[in-house]
Amino acid sequence: MKVEGQDWFYSKTVKEHFMKPKNFLNDLKEVKGFNGYGKTGNMKCGDVMEMWIKVADGRIKGCKWRTFGCASAIASTSILSEMVTEKGGMKIEDALKITGKEIMERLGGLPAVKVHCSVLGDQALREAIKDYEKKQSNKKTKQNK
Amino acid sequence: MKVEGQDWFYSKTVKEHFMKPKNFLNDLKEVKGFNGYGKTGNMKCGDVMEMWIKVADGRIKGCKWRTFGCASAIASTSILSEMVTEKGGMKIEDALKITGKEIMERLGGLPAVKVHCSVLGDQALREAIKDYEKKQSNKKTKQNK
Amino acid sequence: MKKPKEIYLDYSATTPVREEVLKEALPYFSEKFGNPSSFHSRGLEAKNAIESARKRIAKILNCEAEEIIFCGSGTESINLAIKGIAFRELAKGKRGHFITQKTEHEAVLKTMDWLKRIGFEITYLNVDENGLIDLGELTRSIKEDTLLVSIMYANNEVGTIQPIKEIAEICHKKNTLLHTDACQASEYLDLNVKKLGADLMTLNGSKVYSFKGTGLLYKRKEIEIEALIHGGGQESGARSGTENVPGIVALAKALEIAEWEKKKEAKRITALRDYFIKRVEKEIPKAKLNGHRTKRLPNNVNFSFEGIEGESLILYMNEEGVRLSTGSACSSKSLDPSHVLTAMGIDHGTAHGSIRFSLGKETTKKELDFVIGKLKEKVEFLRRISPVWKKGKGVRKK
Amino acid sequence: MKKPKEIYLDYSATTPVREEVLKEALPYFSEKFGNPSSFHSRGLEAKNAIESARKRIAKILNCEAEEIIFCGSGTESINLAIKGIAFRELAKGKRGHFITQKTEHEAVLKTMDWLKRIGFEITYLNVDENGLIDLGELTRSIKEDTLLVSIMYANNEVGTIQPIKEIAEICHKKNTLLHTDACQASEYLDLNVKKLGADLMTLNGSKVYSFKGTGLLYKRKEIEIEALIHGGGQESGARSGTENVPGIVALAKALEIAEWEKKKEAKRITALRDYFIKRVEKEIPKAKLNGHRTKRLPNNVNFSFEGIEGESLILYMNEEGVRLSTGSACSSKSLDPSHVLTAMGIDHGTAHGSIRFSLGKETTKKELDFVIGKLKEKVEFLRRISPVWKKGKGVRKK
Ligand SMILES: Cc1ncc(COP(=O)(O)O)c(C=O)c1O
Ligand SMILES: Cc1ncc(COP(=O)(O)O)c(C=O)c1O
């Protein structure tokens, strides 16, 4: 998708989420009781993302993140955290289906060189869900013992 | 010699002689009684010069010319015609010694690509003097017979 | 007749920048001065300016915006088109064959000459006495390894217009590409690349009442070329260097104005041109019109006045306030007669006496009347002092 | 503190055209618009303008007027210097060896890369952590067939100044030539080529408060190069194309003003630079100054703020009216961290967090105070949301 001849470098939505990011982690206390954590990316590529989720009744009730990266990386995690928590929270099976493309569309497009940022967002989320599921199965195993 | 940053393409003297050429032949009647004629150059190179001289008492008393060529070619023949006729007329032995360089100096210099024009001028003159001398020796031969 | 201050009839050498053009570009010098590559508002502003200019020009050429490469002159655009293809091959360790024709601008000819020196094969097509190439000769010259054919749209000295559409068809039928130098055509002729069929096309600013030091290359996006100027990767990597933002904005505006006025102005100028030609032919003996009588740029008149040398006439006319050229502006540096006239089979003497009158947006009938009057006077004087002219008989052929 | 409208700290990317410069060049657009090659008064006027500009610049560089080749950008000048020598050899069927170093501008590096592809041998010298080359390594790298060494005068990202004089001495002792890219140096450093010893030197307009799309190459007259752009033979055949008369006049004026103000302005800017560096180092934890502390352009500051990514910081600062770059303007197109910082051995994470503050003629202490205030705020916020930053501890190295 091409973003040209506009009044900013990215779409309006990216700008909003970059300038005023939603749900970023201010303090570790905020994720007390959260039950899933994921991390992705590396410094070499210039993007690192962390995501905490709180799952209850199969739905994502809370989502917090931290991002080292460019405007589109920050906006990607910000909007993703909104997507998964809005309307009472997304079911985790639906959350697992979120693609970078959907994030990008919701952001109103990204320049070609920045598309990978949106992919990183859903990767971090998936890691967090995996972590949640692992913890759950651990719990079950324990209970079953 | 370099001519640059001036208010014309050539020196002031070239301009004067080009804009108001001296001694050019207006009508063949003007060279009645002239006793030397020379021609040099060719159309291919873009310069052709004709020169008529009138020699008396070993001095050049009259000089007329016609030139097909650029401004420096016209100015060269014009100034040459002045040089050889001024101050009571140049002795032919001195006229034979005139070089392109002298013509060029008198013109206040010529751009490098135009130096050959001045050389053509003295060539035409030399041809005219040769022609005069040939005619003279022809006369003598006739007289001697 | 009162002597006018100045009559400029050298619009084919260069044009003054239009007021509207300068006005549109002016803010980009000191206010909106950002580097289009800078990642902040000033940079974005500059980037938007050049991308908008690209789109406006693409509309005129009927191509995509990304098919336009801005560069620093018509000459650079031509070099980029030709060497861009040559260097692409060179990097593969290959050479190849180019075709051009003998009356091209030096930018094409000297580029081809140099490619020849480094091992490419060049065919220089002949032209007829009007300056037109032979389409049969072109067809026969295209070979398996012909990389590009470069034929100008309209000639800068004699104004002859080549049949670009037919040439493009031949090139495409024989599986090669066509580049056309449209620098002289841009003000009056159709620049629709789809209609013309050109695969690459050169335009510049200095001939369309815009900035010197600006130009562009249209390149069909499927065609791969190597950059001539490597660096920061601007212009999609085809031409690096900080973009000349005011120059690009100016070029867009100038091409737009040209496009809007094209039909009307071409008609007006053609009428003036034909009036001028007719009067000169009638009133000055042995004045030979060079170039094609109808397949001719609306603003071009080129005459040889037998028996006189062009530079002298130009300087006499200059003294009367009339600005003229012998043809290519560059030729004033050399003593050789115009390569264009020579290629058209015109003898050296006649070629030396050629003068180009190139009309433009300020040209009026009144100006031309003044010019004709002075021309008659000066031609007559120069013929009077010319050893090769015989009154009533013309030039003596020896 | 009242928020200023705009604080431009990206002068190394490009500069606004000075009022005096524009004023001097303006008449050459629409009035004195002739083609310098035209053989009439309008042409002569234009020719005189560029020849006078050439002389004025030659005085500044302490060289002869004919040693200056005007062209269309710094990038083109660099390409002309390097490829001009390469192509000269190519036409003889030869290749050869070039030396450069790893923190050069892309114009040098990409040119060298391409020459490598067509068979030339290239040595890319290393730099130390300050960005300086090792003179011993340079000496050892020069070979029999080394055609040219190209080392920049001052770096555009980190401001490091190379010891050009010593480098020139080594080159000459070992019988090779030195080209130096002085685009960033021209506003503040000595441009006397005799003192510097450079055989070829590149300057451009866009960095000295003059026109984009202008540049020049100084070339010692004994050195033979092949043209990059062939055509009408302008610039003594080294660079064809109608000369950008206003651009050339502007460049002369701008370089003159720079020369007049150099000493005073370098002092003023150096003081501001050092004030800025000192405050940032004191007030922002883990801010790493990139580049040499003293062998540094007066107007360059480059910091890496650990734990954050540069683009985000730039965009936050932009929203506050502060215009900054991550370094090379071009790098904004790519995801790779700066090749300059990487060559200096700075790790990728730190390199990603680098910001260039390039000061200029309008920069004031008050502006810098505002910038520092905002910087602290934005760096703190970005670190807060950064997964790699640990308060009080800096970046966690994994
Ligand atoms: C050090 C250096 N060299 C070369 C250039 C290229 O100059 P230009 O953009 O005029 O081509 C620049 C600026 O972009 C530069 O900073
Ligand atoms: C037909 C033609 N091609 C190319 C050029 C070169 O354009 P520029 O002077 O902008 O390099 C010119 C004008 O000089 C021209 O008339």
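Proteins come first, then strands; the chains are lettered A, B, ... in the order of their sequence lines, and each starts at number 1.
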Chemist: For chain C, find which of D/Val21, D/Leu22, D/Ile248 contributes the most heavy-atom pairs closer than 4.5 angstrom.
Modeler: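 Top option by heavy-atom pairs under 4.5 Å: D/Leu22.
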Chemist: Against chain C, work out which of D/Val245, D/Val322, D/Leu315 has the most heavy-atom pairs shorter than 4.5 Å and name it.
Modeler: D/Leu315
Chemist: Looking at C/Pro246, C/Ala91, C/Gly93, C/Gly72, which one has more heavy-atom pairs under 4.5 Å with chain D than the rest?
Modeler: C/Ala91
Chemist: With a 4.5 angstrom heavy-atom cut-off, which part of D/Asn244 approaches chain C: side chain, backbone, both or neither?
Modeler: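 Looking at D/Asn244, backbone and side chain both touch chain C.
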Chemist: Can you tell which of C/Asp113, C/Leu90, C/Leu109 has the highest number of heavy-atom pairs within less than 4.5 Å of chain D?
Modeler: C/Leu90
Chemist: Of all of D/Glu19, D/Arg42, D/Arg117, which one pairs up most often with chain C through heavy atoms under 4.5 Å apart?
Modeler: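 Going by pairs under 4.5 Å, I would pick D/Arg42.
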Chemist: Check each atom of C/Phe211 against the heavy atoms of chain D and say whether the ones under 4.5 Å are side chain, backbone, both or neither.
Modeler: side chain
Chemist: Do D/Ser38 and C/Asp10 have side-chain N/O donor and acceptor atoms under 3.5 Å apart?
Modeler: yes
Chemist: Could you tell me whether the side chains of C/Thr202 and C/His179 share a donor-acceptor contact shorter than 3.5 Å?
Modeler: yes
Chemist: Counting heavy-atom pairs under 4.5 Å with chain C, which one of D/Lys32, D/Glu226, D/Arg18 comes out on top?
Modeler: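 If we count pairs closer than 4.5 Å to chain C, D/Glu226 comes out on top.
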Chemist: Does the side chain of C/Ser12 pick up a donor-acceptor pair with the side chain of C/Gln184 at under 3.5 Å?
Modeler: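 There is such a pair between these side chains.
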Chemist: What part of D/Lys92 lies closer than 4.5 angstrom to a heavy atom of chain C: side chain, backbone, both or neither?
Modeler: neither
Chemist: Let's test your reading of the structure: which of D/Ser73, D/Gly74, D/Ser206, D/Gly34 forms the most heavy-atom pairs below 4.5 Å with chain C?
Modeler: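 Top count of heavy-atom pairs under 4.5 Å with chain C: D/Gly34.
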Chemist: Checking D/Leu228 against chain C: side chain, backbone, both or neither under 4.5 Å from a heavy atom?
Modeler: both
Chemist: D/Thr15 versus chain C, heavy atoms under 4.5 Å apart: side chain, backbone, both or neither?
Modeler: backbone
Chemist: Under a 4.5 Å cutoff for heavy-atom pairs, which residue among C/Met112, C/Arg239, C/His40 has the most contacts with chain D?
Modeler: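 Looking at each of C/Met112, C/Arg239, C/His40 in turn, C/His40 comes out on top.
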Chemist: Step by step, work out the ring-ring contact (aromatic ring centres under 6.0 Å, His included) result for D/Phe120 and D/Phe87.
Modeler: CA-CA 11 Å; D/Phe120 287 82; D/Phe87 289 166; 8.0 Å; no
Chemist: May I ask you to decide whether D/Lys374 forms a salt bridge with D/Glu320, counting only side-chain N to carboxylate O separations under 4.0 Å?
Modeler: yes
Chemist: Identify which of D/His230, D/Glu31, D/Lys212 forms the greatest number of heavy-atom pairs closer than 4.5 Å to chain C.
Modeler: D/His230
Chemist: Could you tell me if D/Lys207 sits above the aromatic ring of D/Tyr11, with its cationic atom closer than 6.0 Å to the ring centre and no more than 45 degrees from the axis?
Modeler: no
Chemist: Checking heavy atoms, do the side chain of D/Leu324, its backbone, both or neither come under 4.5 Å from chain C?
Modeler: backbone
Chemist: Side chain, backbone, both or neither: which part of D/Thr111 has an atom under 4.5 Å from a heavy atom of chain C?
Modeler: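 Both parts, backbone and side chain.
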Chemist: Evaluate whether atom NZ of C/Lys110 has more than 12 neighbouring non-hydrogen atoms of other residues, nucleotides or ligands under 6.0 angstrom away.
Modeler: no
Chemist: Would you check if D/Phe357 and D/Val371 make a side-chain contact, meaning some heavy-atom pair closer than 4.5 Å?
Modeler: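 A side-chain contact under 4.5 Å exists here.
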Chemist: Are C/Met317 and C/Ile355 close enough that some pair of their side-chain heavy atoms sits under 4.5 Å apart?
Modeler: no
Chemist: For C/Glu6, is there an ion pair with C/Arg323 - N to carboxylate O distance below 4.0 angstrom?
Modeler: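 The answer is yes: the pair qualifies as a salt bridge.
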Chemist: Chain C heavy atoms under 4.5 Å from D/Tyr8: which part of the residue, side chain, backbone, both or neither?
Modeler: side chain
Chemist: Using a strict threshold of under 4.0 Å (side-chain N to carboxylate O), is an ion pair present between C/Lys47 and C/Glu243?
Modeler: no
